[in-house]
Amino acid sequence: MNGIILGILLILVIGFIIYLHIQIVPKTKMYVVERLGKFHEVHQAGVFFLIPFVDKVKTKLNSQTNYLTLEPIEVETNDNTKKVITFSNIGYTINDVQKLIYDHPDYNKELLSIVYNVTTNSFKNYSSQEIKSYQTDIEKTIKDTLNIKVKSFGIQITSTKFKI
């Protein structure tokens, strides 16, 4: 009798461990999986199984366009006028998850710093009168410059929109 109870208990524990290690990735997510603490693979939409005590999900990322949230930035134009720029949209997509997560573990903070520097430098080329007329050109310049600066991150900037 004790053997049957022990067997049932063992089956329940093993079943519970297996249940906990079945992962379902939503359509809009990517799961980064580590095996024994090192990068193993990236899983996208669907079901997969983690090997108990060996695999773990390190992080879950958005597989669609991600957006940065920035505080307003004070910039100076070439005629020494100060303007406050508010970005309503800086979007990026992830091309290389391994580069992003392992080479740039604090990527969000790094991205914000790069955006700030690129933005303040970009506005130095325009006068306060030109900003409104050249807004589309400035947004394109910022986007192109950001893409060059963040190439090593494994991401691509898809949009930059700001308001003055």
Side-chain angles (χ1 to χ4, degrees), residues 21-48 50 54-164:
H21 288 83
I22 294 174
Q23 297 288 314
I24 300 172
V25 183
K27 189 166 46 170
T28 61
K29 297 285 184 188
M30 295 183 285
Y31 287 13
V32 178
V33 176
E34 288 185 336
R35 179 163 288 166
L36 298 172
K38 293 188 178 193
F39 175 79
H40 176 60
E41 60 190 343
V42 176
H43 286 279
Q44 295 190 357
V47 178
F48 71 97
L50 294 172
V54 176
D55 291 345
K56 76 170 188 171
V57 174
K58 177 178 174 68
T59 190
K60 300 173 182 179
L61 299 169
N62 187 350
S63 63
Q64 297 178 328
T65 301
N66 297 278
Y67 294 95
L68 287 176
T69 304
L70 288 123
E71 295 294 320
I73 300 172
E74 185 175 86
V75 296
E76 192 172 320
T77 60
N78 67 5
D79 57 358
N80 295 327
T81 305
K82 293 189 188 269
K83 296 279 187 182
V84 175
I85 304 302
T86 305
F87 279 97
S88 59
N89 179 348
I90 295 186
Y92 66 92
T93 55
I94 301 170
N95 299 330
D96 188 335
V97 174
Q98 191 173 359
K99 270 187 191 178
L100 184 64
I101 299 300
Y102 292 96
D103 294 350
H104 300 278
D106 199 9
Y107 67 90
N108 217 8
K109 191 175 181 180
E110 291 178 66
L111 281 173
L112 292 174
S113 175
I114 291 170
V115 168
Y116 177 80
N117 290 332
V118 167
T119 301
T120 54
N121 289 334
S122 295
F123 280 90
K124 289 180 182 177
N125 298 324
Y126 298 91
S127 72
S128 57
Q129 308 301 328
E130 295 173 322
I131 291 175
K132 278 282 189 199
S133 351
Y134 291 106
Q135 181 167 348
T136 306
D137 293 339
I138 297 169
E139 288 171 346
K140 184 179 180 338
T141 301
I142 290 172
K143 178 183 169 189
D144 293 345
T145 307
L146 284 173
N147 273 320
I148 292 167
K149 300 264 186 195
V150 299
K151 191 173 186 175
S152 68
F153 283 58
I155 65 171
Q156 180 178 3
I157 304 297
T158 56
S159 61
T160 54
K161 299 281 184 224
F162 65 82
K163 298 175 191 169
I164 302 170

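This is a predicted model, so every value here is computed, not measured. Reckoned from all heavy atoms, side chains included, excluding hydrogens, waters and symmetry mates.
Across all their heavy atoms, T141 and S122 have their closest contact at CG2-OG, 4.4 Å. Here the closest non-hydrogen pair linking S128 and T81 is OG-OG1, 3.6 Å. The two residues K29 and V25 have their closest heavy-atom pair at O-CG1, 3.5 Å.
Here the options are V32, V33, L100, the test is side-chain contact (heavy atoms from CB on, under 4.5 Å), and the partner is T59; only V32 passes. When each of T158, V118, I138, I157 is tested with K143 by the rule side-chain contact (heavy atoms from CB on, under 4.5 Å), just one qualifies, namely I157.
A distance of 13.0 Å separates NE2 in H43 from NZ in K60, rounded to the nearest 0.5 Å. Separating the CG atom in D137 from the OH atom in Y126 is a distance of 5.5 Å, to the nearest 0.5 Å. Between atom OH of residue Y102 and atom CD of residue E34 there is a gap of 3.5 Å, rounded to the nearest 0.5 Å. The CG atom of L61 lies 10.0 Å from the CD atom of Q44; values are rounded to the nearest 0.5 Å.
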Practice problem: Evaluate the side chain to side chain contact (heavy atoms under 4.5 Å, CB included) criterion for residues N78 and N125: first the C-alpha distance (whole Å), next the side-chain angles of each, then the deciding distance (0.1 Å), finally the verdict. | Solution: CA-CA 6 Å; N78 67 5; N125 298 324; 5.9 Å; no
Exercise. Assess whether side chain to side chain contact (heavy atoms under 4.5 Å, CB included) is satisfied between F162 and I164, documenting all intermediate values.
Key: CA-CA 7 Å; F162 65 82; I164 302 170; 3.9 Å; yes
Practice problem: Before giving the answer on side chain to side chain contact (heavy atoms under 4.5 Å, CB included), spell out for Q156 and N147 the whole-Å C-alpha distance, their side-chain angles and the decisive distance to 0.1 Å. | Solution: CA-CA 6 Å; Q156 180 178 3; N147 273 320; 3.5 Å; yes
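Counting heavy atoms of neighbouring residues, nucleotides and ligands inside a 6.0 Å radius, atom CZ of F48 exceeds 12 of them.
Annotation: salt bridge (Lys or Arg N to Asp or Glu O under 4.0 Å) contacts involving residues 113-122, sequence neighbours excluded, are absent. Note on residues 58-81: no pairs pass ring-ring contact (aromatic ring centres under 6.0 Å, His included), not counting sequence neighbours. Annotation: salt bridge (Lys or Arg N to Asp or Glu O under 4.0 Å) contacts involving residues 147-164, sequence neighbours excluded, comprise E139-K161.
Looking at residues two or more places apart in sequence or on another chain, you find a side-chain contact (heavy atoms from CB on, under 4.5 Å) between N80 and E76.
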Donor-acceptor pairs are to be reported for all side-chain atoms of residues 103-116 against protein atoms at under 3.5 Å, with residues two or more places apart or in another chain.
unit_1, atom_1, unit_2, atom_2, d
H104, ND1, E110, OE1, 3.1
H104, NE2, S152, O, 3.4

Which donor-acceptor pairs under 3.5 Å do side chains of residues 86-97 form with protein atoms, sequence neighbours excluded?
unit_1, atom_1, unit_2, atom_2, d
N89, OD1, G91, N, 3.4
N89, OD1, S159, OG, 2.8
D96, OD1, Q98, N, 3.2
D96, OD1, K99, N, 3.2

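The shortest side-chain heavy-atom distance between Y31 and S63 does not fall under the 4.5 Å cut-off. Looking at heavy atoms from C-beta onward, I142 lies in side-chain contact with F123 at the 4.5 angstrom threshold.
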